[in-house]
Amino acid sequence: MLYREAGDFKTSYEADSQTFPIAFDRYRIWVVLAFAYLVVPFVINDYWANAILVPFLIYAIAAIGLNILTGYCGQVSLGTGGFMAVGAYASYKLMTAFPDVSIVIHIILAGGITAVVGAVFGLPSLRIKGFYLAVATLAAQFFLVWLFNKVAWFYNYSASGQINAPERTVLGIAVTGPNTEAWAQYLISLVFVTACAIIARNLTRGSLGRTWMSIRDMDIAAEIIGVNPLKAKLTAFAVSSFFIGISGALFFTVYLGAVEVGEAFGIQKSFLVLFMIIIGGLGSIFGSFAGAAFLVFLPVVLKVIGVDLLGWPTDLVAHFQLVIVGALIMFFLIKEPHGLAQIWRLIKEKLRLWPFPY
Amino acid sequence: MKDMLTPYVTEDGRQIGEVLMDMHNITLRFGGVEAIKDISFNIQEGEIRAIIGPNGAGKSSMLNVISGFYNPQEGEVWFRGAKRPPMKPYQVARLGIARTFQNIALFEGMSVLDNVMTGRLNHMDASLFSQALWRGRAEREETENREAVEKVIDFLEIQAIRKTPVGRLPYGLKKRVELARALAAEPKLLLLDEPMAGMNVEEKEDMSRFILDVNDEFGTTIALIEHDMGVVMDLSDRVIVMDYGRKIGDGTPDEVRNNQEVIDAYLGVSHD
Amino acid sequence: MSSDFLYGIEVIINGLMAGVLYALVALGFVLIFKASGIFNYAQGVMALFAALTLVGIMEGDVPFSYLINAIFGTEIYNFGWTVPVLLAIALTLVVMVIFAWAVQQFVFRHLVGQEPIILFMATIGLAYFLEGVGDLMWGSDIKTLALGLPQGGSRWVEDMTVGLGGDDFYGFFIDKLDMVATVVAIVLVAGLILFAQYTKQGRAMRAVADDHQAALSVGISLNFIWVLVWSLAGLVALVAGVMWGAKSGVQFSLSLIALKALPVLMLGGFTSIPGAIVGGLIIGVGEKLFEFLIGPMVGGATENWFAYVLALLFLVFRPQGLFGEKIIERV
């Protein structure tokens, strides 16, 4: 009744292809954005920022990136951790080499560098498909982690092998380094997420998005009707890596501040982001957000229940987290392979008809 | 066999023009098997050319050679008066050749509208940045191509299902959507691989009407593989008959119908 | 012969032995993939779990003791008995069969007909799940697997070969444990091949691997075959887990070794038993040789990634692997 399309006729093609065709949705997203930009920065505290919101936002960017490659274009990649590392190290080298340039520029450039690296590692996708490609991306993952470990130039020859984000400010406000306040970390991540989400949405609803999906659905037919598979796949790898690189750069500079490549960007990271897009929903921008939220909130919720409420030791809770995440993955795949996004879509469909049953 | 290589006008007023596609001595081998043995034929602009023959004759392979999916070991393909070098399928599509497939090759994860829009890919070249910002070229192109696609959707009467995911459609409608996708490309040459397969009488009539309309209204040259003899005889201007990879007949439907070799092939008289 | 050359031979021998173990793990993958089209990422964690269970049973540990203690505030850790090795192995095998049945019943029966990528993701979920359960059951600290297997370099081999080189060559250093592992692996591989070729169940398994519908139509129970296949994979996992666990202790990193099987499969093709063997040997030798020859120049630890790059290069030129079925795409 409240949530409906009846009577809401589109009178132009532009209106028909907008992102939120239902009026209620449009208002909803403005409300959410207003809340996110105008309310949260004033009430946020360190714990919420560090444990929940900032990682959620940053992983959302990575999830959007991987979703473009795997969900829209159908190229399975297990190299996400490695590409995040590229973004992180690229931003580190840039920040230390050009300390006067704004960190925002550095992060965007880091994304660009990751895009190039991603395109290069995407070349095998022209010959290799499906599983084989997934395993081939592992080559990228392991090689990149090894590279950033072994080649001292990347970490400026520091003895520990760790990289530390130098203090930087945006518009005079610290965003990295020990003096950064929670709301600043949150806001800069939010700005990047908003921009990335808009760009991703625009790309996926246009001809590029259709090109990618055609490759995913039937790449031979796609080629016969005029899609250049080389260009399309490499573009997918490049765009996807751009987002993932930005996510990695933010992860290092704004979120963690210091990073050791094996721990932060190992294969566990690749799986984590992959789980986010599976649970959230392949081929859906909303799904990327949903999946990221789910997998960031879940460990926190479990920890609160396990450690704070039940008084269990933390490693026991950590084991439980594995069990529950694993079980949930299998559960989602059995019950709803299209993820939370599909569940959301079904809810909305029911709401459209409410109060009628069908 | 009448040699109609010069432009003429048919009984019902359609213009048939110069030779559009010319196959010279095509031989196609898979390992030791010769799927196509030294076949030559041509297709004139504006005509409807049927390719018929018993199963396994090599008809689909011939269509695949025309659309660039297979490159023949011997022979040349001439398109619009120029020799066509071996090229990738997507480059062939850019030349203006579109096709449908025997076993439907639609993009099942996308809606009907999106599927048909993929047919317009060769007409859209807004840059990556323009698309990312959805300003300027990208937005305009999207709307322009949407208009072109809506014309095709109207033409094939599939307006009601434009937002339906293709995977949910019944077989007959899927075939029509595939045709829409091919038409959206505004091709010079349209290749139809068994467009009537699996259809009932009504659906066949609808599809035949659409095929004739496409040829009539847009002047699109059509080459089709078809098993239904009635359809072939009614629709086509000229027919080529294949059997075991060889050409055994080439001419108007009447000429071919009375060709003894063709009759033998279909009735299964044993060869030596 | 120069001692450098001899060291090179030693590296190759060690590589071959590592290769046999890789092949064994890869076999576990091939079995499941051939019969069900599922690429079982959890194979490595299965090896870890099997080894953990074996140690737990042998030492008389109470399963889930950590959890029980946390909930009930008790202090139970051990039953107080020890179980002899062979009995413990048999019991562990029973556990693995139960696991195979449970996995088929609760997970993969519901995913029949799904796309390969979904199945693959499910096995990743399974891997996480099993890892957590393993930790909960037996704890996540490193365990030593005391099987009474011979350890250390073989003096016999050293003495036999010391004469081959000059004064500064001390004979080949071949670990006795590695030799035992190689022998066991060869026996197991041969056993599996014989089983597949000559027994009724083996033939049924191959039928299912070929065509599910056809196998159903001749009365083969898909469920039974899948449980069988997962049990065999569990057996392979147990052996691999034991061999590696005896060498480096039973800990989480054991599950990562199975990740190594992936390049083996890429090389050998996912559906070929001989491919798994040849691929394993090539990767085993290749990685050790590369590290020996090039490793010192780039700072070492190339074994982390070399196998993948090698397999990747192979795949680019031959997408179906050495022995895999050629993927013919039709329109």
Side-chain angles (χ1 to χ4, degrees), chain A residues 70 74 76 78 123-124 126-147 149-152 218-221 224 267 271 274-275 278 282 306 310-313 315-335 337, chain C residues 33 39 42 66-67 70-71 106-108 110-111 114-136 139-140 256 259 262-263 265-266 270 298-302 304-313 315-321 327 329-331:
Chain A
T70 301
V76 184
L78 293 175
L123 284 170
L126 303 170
R127 291 274 292 178
I128 313 175
K129 303 187 182 179
F131 284 142
Y132 295 94
L133 182 63
V135 181
T137 55
L138 281 180
Q141 169 68 42
F142 289 127
F143 176 75
L144 287 168
V145 167
W146 174 88
L147 186 71
N149 217 312
K150 282 286 168 209
V151 178
M218 201 179 285
D219 54 351
I220 298 186
I224 295 185
I267 185 150
F271 283 140
L274 187 60
F275 290 157
I278 296 175
L282 291 167
L310 292 172
W312 287 356
D315 53 351
L316 189 60
V317 177
H319 298 158
F320 253 106
Q321 282 173 357
L322 283 173
V323 172
I324 294 188
V325 170
L328 276 173
I329 302 265
M330 294 190 282
F331 177 77
F332 261 96
L333 288 171
I334 294 175
K335 284 289 175 207
Chain C
F33 191 79
F39 183 81
Y66 201 19
L67 180 63
I71 299 180
F106 295 118
V107 182
F108 292 106
H110 305 278
L111 288 174
Q114 285 282 8
E115 300 151 25
I117 187 75
I118 304 272
L119 297 171
F120 176 59
M121 307 300 180
T123 61
I124 303 186
L126 179 64
Y128 273 65
F129 178 80
L130 189 58
E131 192 194 318
V133 168
D135 285 339
L136 280 178
S140 54
L256 296 177
L259 262 182
L262 287 171
L265 289 167
M266 281 160 75
F270 280 76
V298 290
T302 58
N304 286 354
W305 54 266
F306 176 73
Y308 292 94
V309 175
L310 179 62
L312 173 61
L313 288 172
L315 269 192
V316 169
F317 295 106
R318 212 183 143 82
Q320 70 273 28
I327 317 156
E329 310 203 74
R330 283 190 178 282
V331 195

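By convention in this document, chain letters (A, B, ...) are assigned in the order of the sequence lines, proteins followed by strands, and residues within each chain are numbered from 1.
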Answer with side chain, backbone, both or neither: which region of [X] has an atom nearer than 4.5 Å to a non-hydrogen atom of chain A?
{"X": "Phe317(C)", "result": "backbone"}
{"X": "Thr302(C)", "result": "both"}
{"X": "Phe108(C)", "result": "neither"}
{"X": "Ala122(C)", "result": "both"}

### Query
Given that the side chain runs from C-beta out, which part of Phe275(A) has a heavy atom under 4.5 Å from chain C: side chain, backbone, both or neither?
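The answer is the side chain of Phe275(A).
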#### Entry: Per-residue contact mode, Leu274(A) against chain C (heavy atom under 4.5 angstrom)
side chain
### Message
Check the orientation of Phe271(A) and Tyr128(C). Use parallel for under 30°, tilted for 30 to 60°, and perpendicular for over 60°.
### Response
perpendicular
### Query
Do you know the tightest heavy-atom contact between Leu111(C) and Leu333(A)?
CD2-O, 3.6 Å
### Task
Write down the atom of His110(C), the atom of Ile334(A), and the distance for their closest heavy-atom approach.
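Result for this residue pair: CB-CG2, 3.5 Å.
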Inter-residue atom distance [X].[atom1] - [Y].[atom2], 0.5 Å rounding:
{"X": "Leu312(C)", "Y": "Thr137(A)", "atom1": "CG", "atom2": "OG1", "value": "9.5 Å"}
{"X": "Met266(C)", "Y": "Leu133(A)", "atom1": "CE", "atom2": "CG", "value": "9.0 Å"}
{"X": "Trp305(C)", "Y": "Leu147(A)", "atom1": "CH2", "atom2": "CG", "value": "9.5 Å"}

### Query
Which residue out of Ala127(C), Gly132(C), Gly134(C) racks up the most heavy-atom pairs below 4.5 Å with chain A?
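Counting heavy-atom pairs under 4.5 Å, the top option is Gly132(C).
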Please tabulate, for side-chain N and O atoms in residues 318-331 of chain A, each donor-acceptor pair with protein atoms closer than 3.5 Å (sequence neighbours left out).
{"residue": "His319(A)", "atom": "NE2", "partner": "Ser140(C)", "partner atom": "OG", "Å": "3.3"}
{"residue": "Gln321(A)", "atom": "NE2", "partner": "Pro299(A)", "partner atom": "O", "Å": "3.1"}

### Task
Mind running side-chain contact (heavy atoms from CB on, under 4.5 Å) on Leu136(C) and Leu316(A) for me, showing each step along the way?
CA-CA 7 Å; Leu136(C) 280 178; Leu316(A) 189 60; 3.5 Å; yes
